[in-house]
Amino acid sequence: IKDFVTPRALETEEIADIVEAYRQGAENAMAAGFDGVEIHGANGYLLDQFLQRSTNQRTDRYGGSIENRARLLLEVTDAAISVWGAGRVGVHLAPRADSHDMGD
């Protein structure tokens with residue numbers, strides 16, 4: 001069995017690559033004939049980890065206040081909108097935000 005890599009916080013400089021990967025995913029979905037995209041920001045996935053005070057321990061512009069913690073989700077959403085337009089992009093959030101030991 002292969003050992004797991006120890007998780008680490010993304011460096012601030014790496015975040016632009018994450019946003020670009022979502023934008024590319026939106027382009028791929030369009031090329032594949034999808035009708036739009038939904039960004040998954042819940043259930044402990046990456047964007048949810050940035051949103052939650054309990055998991056986001058960052059001290060840069062992506063941590064602290066809710067405005068900062070929402071920054072990555074908003075950047076990803078803007079990237080998808082740049083491909084699809086606002087009418088074809090949705091965001092999935094969890095109303096209770098407490099799945100998988102997540103939660104504020």
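Keep in mind the model is a prediction, meaning the values are calculated, not measured. Because only heavy atoms are used, hydrogens play no part in the values below, and waters and symmetry mates are left out as well, while side chains stay in.
In terms of heavy-atom proximity, E11 sits nearest to R8 at N-NH1, 4.0 Å. What you find for I81 and A86 is that their closest heavy atoms are CG2-N, 3.7 Å. Minimum interatomic distance between H92 and A42 (heavy atoms only, all atoms of both residues): CD2-CB, 3.5 Å.
No side-chain heavy atom of R23 sits less than 4.5 Å from a side-chain heavy atom of D78. Considering only heavy atoms from C-beta on, V89 stays 4.5 Å or farther from V83 through its side chain. Residues Y62 and R69 form no side-chain contact, since every pair of their non-hydrogen atoms from C-beta on lies 4.5 Å or further apart. F50 is not listed as a side-chain neighbour of I18, based on a closest heavy-atom distance of 4.5 Å or more.
A side-chain donor-acceptor contact under 3.5 Å links Q49 to the backbone of G44. Checked by atom type and distance alone, the side chain of R88 never pairs as donor or acceptor with a backbone atom of V37 at under 3.5 Å.
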Checklist entry - Does the side-chain contact (heavy atoms from CB on, under 4.5 Å) test come out yes or no for T12 and R58, once each step is laid out? => result CA-CA 10 Å; T12 305; R58 301 182 72 90; 3.6 Å; yes

Item to check | Verdict with reasoning, V91 to E38, per side-chain contact (heavy atoms from CB on, under 4.5 Å) | outcome: CA-CA 5 Å; V91 175; E38 182 173 89; over 6 Å; no

Item to check | Criterion side-chain contact (heavy atoms from CB on, under 4.5 Å) on D48 and L93, from CA distance to verdict | outcome: CA-CA 8 Å; D48 192 26; L93 297 173; over 6 Å; no

Next on the checklist: Could you go through N56 and L51, starting from their C-alpha distance and side-chain angles, then the distance that decides it, and tell me whether this counts as side-chain contact (heavy atoms from CB on, under 4.5 Å)?
Outcome noted: CA-CA 7 Å; N56 185 336; L51 286 172; over 6 Å; no

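Between atom OG1 of residue T77 and atom CD1 of residue I39 there is a gap of 3.5 Å, rounded to the nearest 0.5 Å. Atom CG of L47 is separated from atom CD of E75 by 10.5 Å, given to the nearest 0.5 angstrom. The line from CG of L46 to CG of L73 is 10.5 Å long, rounded to the nearest 0.5 Å. The line from CG of D60 to CZ of R71 is 9.0 Å long, rounded to the nearest 0.5 Å. Distance check, rounded to the nearest 0.5 Å: CG of N68 to CZ of R61 gives 9.0 Å.
Hydrophobic clustering (ILVMFWY, side-chain heavy atoms < 4.5 Å, transitive): L74 and V76 are in distinct clusters.
Between E27 and Y22, the side chains place no donor N or O within less than 3.5 Å of an acceptor N or O (distance only, hydrogens not considered).
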